[in-house]
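This report concerns only the one structure given below.
Atoms within a ligand are numbered from 1 in the order they appear, just like the ligands themselves. What you see below is based on every heavy atom in this structure, not just the backbone, and it leaves out hydrogens, waters and symmetry mates.
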Amino acid sequence: MKNFVFHNPTKIIFGKDTITSIGSETAAYGKKALMVYGRESIKKNNIYDQVTEALREAGITIIEHGGVQSNPVLSHVHQGIKLAKENRVDTIVAVGGGSVLDSAKAISAGALVDHDVWKFFIGKKSIKDALPLTCVLTLAASGSEMNSGMVVTNEETEQKFGFANRHLYPKVSILDPCATFTVPPHYTAYGAVDAIAHVLEYYFTNREPYTPVQDHFMEGIVISCMDSCDRVLQNLEDYDARADLMWAATLALNGLSGAGLGKTGFPMHMIEHSLSALYNIAHGAGLSIVMPGWMIYQAQRTPEKFAQFAERVFNITSGDIEEKAAEGIQALLSWFVKIKTPTNLTALHIPIQDIPKIAENAVALAKIWNMKDYTAEKIEEILKLCV
Ligand code: NZQ
Ligand code: ZN
């Protein structure tokens with residue numbers, strides 16, 4: 001195991017009827033909040049009323065910045081930064097899923113600088129400070145509620161870039177599983193796929209030879225996501241299953257999975273972000289397309305870990321290493337089919353002749369993420385396994 005420092009400063013308040021604490025928790029950081037949220041879901045499921053009432057009762061003035069779209073875009077972040085500066089807000093409240101939380105993180109950093117916030121995403125500037133951020137999570141998927149990452153799409157350049165910075169951790173995130181009861185089946189499934197992808201990026205790119213704690217932790221996250229997602233798809237208001245899925249998704253990308261593994265990569269995400277940037281498909285849907293193809297490609301080169309995955313997650317014990325590896329990937333793919341997430345480019349009518357364009361777009365992020373071995377040719381080869 002490599003040396004590591006694990007420090008996650010986000011306070012998590014988890015459970016039923018916790019949303020109202022957003023008022024007192026935010027009041028600890030400021031008196032005038034920019035409230036960032038999506039389109040209509042929080043107005044329909046009463047979370048908007050719960051949050052605004054709690055904030056006002058805590059004496060907080062609210063400046064609203066709604067309308068964050070899924071796969072959040074830079075232009076909307078720019079508008080939020082402008083609003084934050086004009087109104088001199090001293091704190092930011094995000095109410096939504098990963099798209100909302102990431103937009104809020106970008107605004108929290110952009111509000112304190114005079115240059116374009118996009119310079120952070122392309123490594124031209126580094127974040128030195130950010131406005132305090134408190135969150136109410138409404139969708140289990142991204143892990144943004146307990147990490148320092150954020151992902152935004154620059155519509156002009158058609159680039160969906162993400163990075164992490166310690167100033168971007170939310171101060172407090174409130175996770176009430178009831179807030180996710182209204183998440184429809186397809187976004188529930190996309191969220192489970194995203195959380196599974198988060199741990200599998202570490203799991204399969206890990207080069208440390210002996211990491212049983214991390215391996216079993218990640219295998220457990222995968223099994224929990226699958227089991228709880230299956231239960232939720234039976235009953236969208238199954239509190240225990242929603243709670244399990246929510247906590248699993250948070251744990252999947254809060255730093256614990258990768259602690260002690262040394263250098264790992266996020267190749268599946270690097271490729272998926274191009275699909276979302278170019279075709280505006282849901283992040284989890286894009287991963288459901290990319291993961292099997294990338295896993296087949298990688299299992300041909302490092303089959304051992306894929307065989308371990310097959311044994312421990314799907315109880316596949318017969319066959320040699322290569323056979324077990326292939327069967328484990330097939331088992332995950334079958335589960336994607338079962339939860340009705342797309343499993344190839346054709347399913348979303350993405351033309352196969354677009355593969356070179358997708359690969360070209362992905363290479364730019366591969367460079368920023370220091371994954372120089374991912375050339376356009378290699379990415380094209382992987383994408384050809386996703387058709
Ligand atoms: O806009 P509204 O009306 O709120 O609808 C949203 C949106 O259309 C809806 N929704 C959210 N909560 C709901 C709900 N509908 C009913 N009931 C609720 N309680 O769901 C749709 C999708 O929301 P979105 O926030 O886009 O989904 P998710 O949480 O999966 O976030 C995806 C974003 O997270 C980024 C992705 O790139 C993508 O942009 N990620 C962020 C990461 C991070 N910060 O660490 C890492 C991840 O790998 C990921 O890249
Ligand atoms: Zn993801």
Next on the checklist: side-chain hydrogen bond (donor to acceptor under 3.5 Å, both in side chains) for Thr134 and Thr26? Distances and angles first, verdict last.
Outcome noted: CA-CA 6 Å; Thr134 53; Thr26 304; 2.9 Å; yes
Checklist entry - Are Trp294 and His269 close enough that their ring centres sit under 6.0 Å apart? => result no
Checklist entry - Is there a path of hydrophobic side-chain contacts, each under 4.5 Å between heavy atoms of I, L, V, M, F, W or Y residues, that connects Tyr279 with Val151? => result no
Checklist entry - Between Met146, His283, His198, which one has a non-hydrogen atom sitting closest to atom 36 (C) of ligand 1? => result His283
Item to check | Sequence neighbours excluded, every pair satisfying salt bridge (Lys or Arg N to Asp or Glu O under 4.0 Å) that has a member inside residues 295-316 | outcome: Asp215-Lys305, Glu219-Arg312, Arg301-Glu381, Glu311-Lys324
Checklist entry - Does the protein put a heavy atom under 4.0 Å from atom 46 (C) of ligand 1? => result yes
Checklist entry - Between Glu25 and Lys11, does a salt bridge (charged side-chain N to carboxylate O under 4.0 Å, His left out) hold up when you go through it step by step? => result CA-CA 10 Å; Glu25 293 297 334; Lys11 175 181 176 184; 3.0 Å; yes
Item to check | Metal site the Zn ion (ligand 2), protein N/O/S atoms found under 2.8 Å | outcome: 4
Item to check | Within reach of ligand 1, part of Ala179 (heavy-atom separation under 4.0 Å) | outcome: backbone
Item to check | Qualifying salt bridge (Lys or Arg N to Asp or Glu O under 4.0 Å) pairs with a residue from residues 107-132, counting only residues at least two apart or across chains | outcome: none
Next on the checklist: For His115 together with Phe120, are the ring centres under 6.0 Å from each other?
Outcome noted: yes
Item to check | Close N or O approach (Tyr187, ligand 1; < 3.5 Å) | outcome: no
Item to check | Set of residues satisfying ring pair (Phe, Tyr, Trp, His ring centres under 6.0 Å) with respect to Trp118, sequence neighbours excluded | outcome: Phe121, Phe161
Checklist entry - Does even one non-hydrogen atom of Pro72 get within less than 4.0 Å of ligand 1? => result yes
Next on the checklist: Please tell me whether Val36 and Tyr169 are part of a single hydrophobic cluster in this structure, the criterion being side-chain heavy atoms less than 4.5 Å apart.
Outcome noted: no
Checklist entry - For ligand 1, is Gly284 a contact, meaning one of its heavy atoms is under 4.0 Å away? => result no
Item to check | Within-shell test, Gln69 vs ligand 1, heavy atom, strictly < 4.0 Å | outcome: no
